[in-house]
Amino acid sequence: MKDSASDLRVGLTFDDVLLVPKFSDVKSRRDADTRTYFSRGIRLSVPIVSANMDTVTESTMAIALARLGGIGVIHRFLTIEEQVSEVLKVKRSEGVVIEDPITLGPEATVGQALGIIKDREVGGIVIVDGSKKVLGLVTRRDMTLEDSMSRKVKEVMTPRSKLVVAGKGVSMDKAKEMLHANKIEKLPLLDAKGRLAGLVTSKDIMKRKEFPNATKDSKGRLRVAAAVGVKGDHLERSRRLLDAGADALVVDIAHGHSAYAIETLRGIKRELGEVEVVAGNVATAKGAQDLIRAGADAVKVGVGSGSICVTRVVTGSGVPQLTAILDSAAGAADSGVPIIGDGGVRNPGDVTKAIAAGASTVMIGSLFAGTEESPGPTILREGVRYKLTRGMASLAATVDRRVRETKTAGPKEDEVIEEVIEESVPEGVEGLIPYKGKVEEVVRQLVGGLRSGMSYSGAHDLAELRKKSEFMRITSAGHKESLPHDIQKVV
Ligand code: XMP
């Protein structure tokens, strides 16, 4: 028997509620502690995660976000090689010591070296022989004025005799002093036999000072997560991503409370051992509990909540996001497994509400798609700059994915497109989002709003926010009152 209409539960989302202000002894917004967990084993300074969408997170976004104390999830709509390369770019972007620096042999050409410098976004390459003995170093500067791309790197490199190097166990203070005293940017570290054992760069040392709250692993490298699917190559992909240094895998499936998701999660845990796995998406207490029982180290919550989602319209299924977070967090409460509130964040106040409802972090899609660091160019329309955002289940994303998978070109590509259009029932849309500049500014607004919100709830940290906060349901008149009203808005 179905419930009668009067028994139906009401689902609420961010705009349906407000947090009731409480006595506060938080003296300054700066005193509000925003530290949290992305997953059981990954700590963050700020509760902000960028979405695994192809218009949101590749290495540039992941690097920017990890520096700010959050974490990015590299999307999976890439070949394994491409996704691995994005992870490597993050892991190599900075570190106390780069343990496995990029190397080339002496016979490699200037063209090859410049190609690697560009692709991997590094400043220089150590030149080694077959036994990893250091022969020299080439930097972009050594080669930019070089006319012949076929010249050997051994002819343009700084040779070992002129290279400043240090022993493998050098302290960071000493390394810093050597970089400074010799006015150099790279310090290769050698073992007792003269073989390459690491690299310290001045850029990394500067970055440590500039971003004290960065999300880093035990080796001082920025942390990054990567998404995997539930079919096909997902185990091979997972293995390769972990080998590249990915700190967590995110099992990405629209309906995460499913046999597919649970089997995939169990399979990864069984085959790949000690690995942080985030699973989702779910929208209920039972969904969260089943994933946690299957081994999830964090649960991603949100069905149809995203700005580019039409899942609820197309399928009739979903749960308004605040209720989804409240229910899932209640389901996960005894386990200590963090909840990621995924989708629907439009305003800084939504972050505060999501955390107060029980989330440990929020995942952001379209708000970040408009920033400098998201993949893809800016588009100019009638003098206004935009970037593209699209649902991963939108027609455009499905077409691109299928074309890429079938690797066809010319007329065959048209056939693939036609086939996708005929078969597809899109659950996402595509749209333009005004260009927002650097992601740092968007994060500053989100975290600034959260800190103020914590102060209004009298909370010194996020656990206290969850404990002390009191939601009040509001009417549409109340919501209208919350927005600027009865004025001619200037900005
Ligand atoms: P926001 O609101 O931050 O949401 O843009 C980002 C989240 O939306 C989800 N997502 C989708 N959901 N169809 C959906 O129903 C789609 O095509 C789609 N693409 C992304 C996803 O959870 C993301 O993190």
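For ligands, and for the atoms within them, numbers begin at 1 and follow the listed sequence. Just so it is clear, the structure is predicted and the values come from calculations on it, not from any experiment.
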Problem - Distance from atom 14 (C) of ligand 1 to nearest protein heavy atom, with residue and atom - result: C309 SG, 3.0 Å
Distance-only check: which donor-acceptor pairs under 3.5 Å involve side-chain atoms of residues 438-447, not counting sequence neighbours?
residue : atom : partner : partner atom : Å
E441    : OE1  : R444    : NE           : 3.0
E441    : OE2  : R444    : NH2          : 3.0
E441    : OE2  : Q445    : NE2          : 3.0

Exercise for the section: For atom 3 (O) of ligand 1, grab the closest protein heavy atom and report residue, atom and distance to one decimal in Å. Expected result: G365 N, 2.7 Å
Fill in the blank from the handout: If you scan protein heavy atoms around atom 13 (N) of ligand 1, the nearest is E427 O, 2.7 Å
Problem - Proximity flag G302 to ligand 1, non-hydrogen atoms under 4.0 Å - result: no
Practice task
Take I74 and V224, measure what side-chain contact (heavy atoms from CB on, under 4.5 Å) needs, and give me the verdict at the end.
Solution key: CA-CA 8 Å; I74 308 280; V224 61; 3.7 Å; yes
Practice task
Assess I364 for proximity to ligand 1: is some non-hydrogen atom of it under 4.0 Å away?
Solution key: yes
Problem - Identity and distance of the protein heavy atom lying nearest atom 18 (C) of ligand 1 - result: M392 N, 3.5 Å
Practice task
Describe, in one word, how the ring planes of H255 and H257 are oriented to each other, choosing from parallel (under 30°), tilted (30 to 60°) and perpendicular (over 60°).
Solution key: perpendicular
Problem - Minimum-distance protein heavy atom relative to atom 15 (O) of ligand 1 - result: T311 OG1, 2.4 Å
Handout entry: Identity and separation of the nearest protein heavy atom to atom 20 (C) of ligand 1
Key = I308 CD1, 3.5 Å
Practice task
Specify the protein heavy atom at minimum distance from atom 5 (O) of ligand 1: its residue, its atom name, and the distance to 0.1 Å.
Solution key: S307 OG, 2.7 Å
Practice task
Looking only at protein heavy atoms, identify the closest one to atom 22 (O) of ligand 1 and say how far it is in Å.
Solution key: D342 OD2, 2.5 Å
